[in-house]
Amino acid sequence: ELWETVIVQQTGTTIAKGSNIKPNSIGGVDGFTFDFAYTGKNEVEQQGMGYAAIKDKRLYMIFFSGSKLHHYGSRRTSVEKMIESVRITG
């Protein structure tokens with residue numbers, strides 16, 4: 001539900017759907033990943049993925065989204081590699 005609030009606030013959409021929640025890690029901290037989709041104000045279908053983890057009572061989240069027809073699929077692998085390099089310290 002938190003990611004829905006973020007997506008709605010950032011994109012102005014009122015329709016967002018999450019799916020495929022599974023355990024994963026981000027920055028060396030156990031967490032989870034999920035997929036999501038929404039249609040923005042411009043009526044372009046967007047697809048995305050999110051990573052989330054909690055460390056020391058702090059929530060860490062990373063989102064990536066792009067147009068379903070091109071940008072998401074063409075950049076997903078690069079974004080996943082970038083996310084793998086993230087480290088949560090402190």
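Please read all numbers here as calculations on a predicted model, not as lab measurements. Residue indices begin at 1 and follow the sequence shown.
Considering OG1 of T33 and CG of N20, their distance stands at 6.5 Å, rounded to 0.5 Å. For the atom pair T89 OG1 and K55 NZ, the distance stands at 6.5 Å (nearest 0.5 Å). Taking OH of Y72 as the start and OG of S65 as the end, the distance is 9.0 Å to the nearest 0.5 Å. Residue M49 holds its CE atom at 13.0 Å from OG of S19, rounded to the nearest 0.5 Å. Annotation: the span from R75 atom CZ to H70 atom NE2 amounts to 5.5 Å, rounded to 0.5 Å.
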Problem set entry | Stepwise side chain to side chain contact (heavy atoms under 4.5 Å, CB included) test for I26 and I88 | CA-CA 8 Å; I26 177 174; I88 299 173; 4.2 Å; yes
For this session: Run the numbers on D35 and R76 for salt bridge (Lys or Arg N to Asp or Glu O under 4.0 Å), then give the verdict.
Result: CA-CA 12 Å; D35 296 321; R76 180 178 177 138; 3.7 Å; yes
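Y51 is linked by a ring pair (Phe, Tyr, Trp, His ring centres under 6.0 Å) to nothing, counting only residues two or more places apart in sequence or in another chain. Checked against salt bridge (charged side-chain N to carboxylate O under 4.0 Å, His left out), E45 has the following partners two or more places apart in sequence or in another chain: K68.
Between I62 and V86, some side-chain heavy-atom pair lies under the 4.5 Å cut-off.
Taking the six-membered ring for Trp and thresholds of 30 and 60 degrees, F63 and F34 have ring planes more than 60 degrees apart, a perpendicular arrangement.
When the shell of 6.0 Å around CZ of R87 is examined, it contains more than 12 heavy atoms from other residues, nucleotides or ligands.
When every heavy atom of A53 is checked against every heavy atom of D30, the shortest pair comes out as CB-O, 3.5 Å. Across G66 and H71, no two heavy atoms sit closer than the pair CA-CB, 4.2 Å.
Side-chain N or O atoms of D56 include none that pairs as donor or acceptor with a backbone N or O of R58 at under 3.5 Å.
By the criterion of side-chain heavy atoms lying less than 4.5 angstrom apart, applied directly or through intervening Ile, Leu, Val, Met, Phe, Trp or Tyr residues, I83 is not grouped with I54; the two fall into different hydrophobic clusters. The same ILVMFWY cluster, assembled from side-chain heavy atoms under 4.5 Å apart, contains both F64 and Y60.
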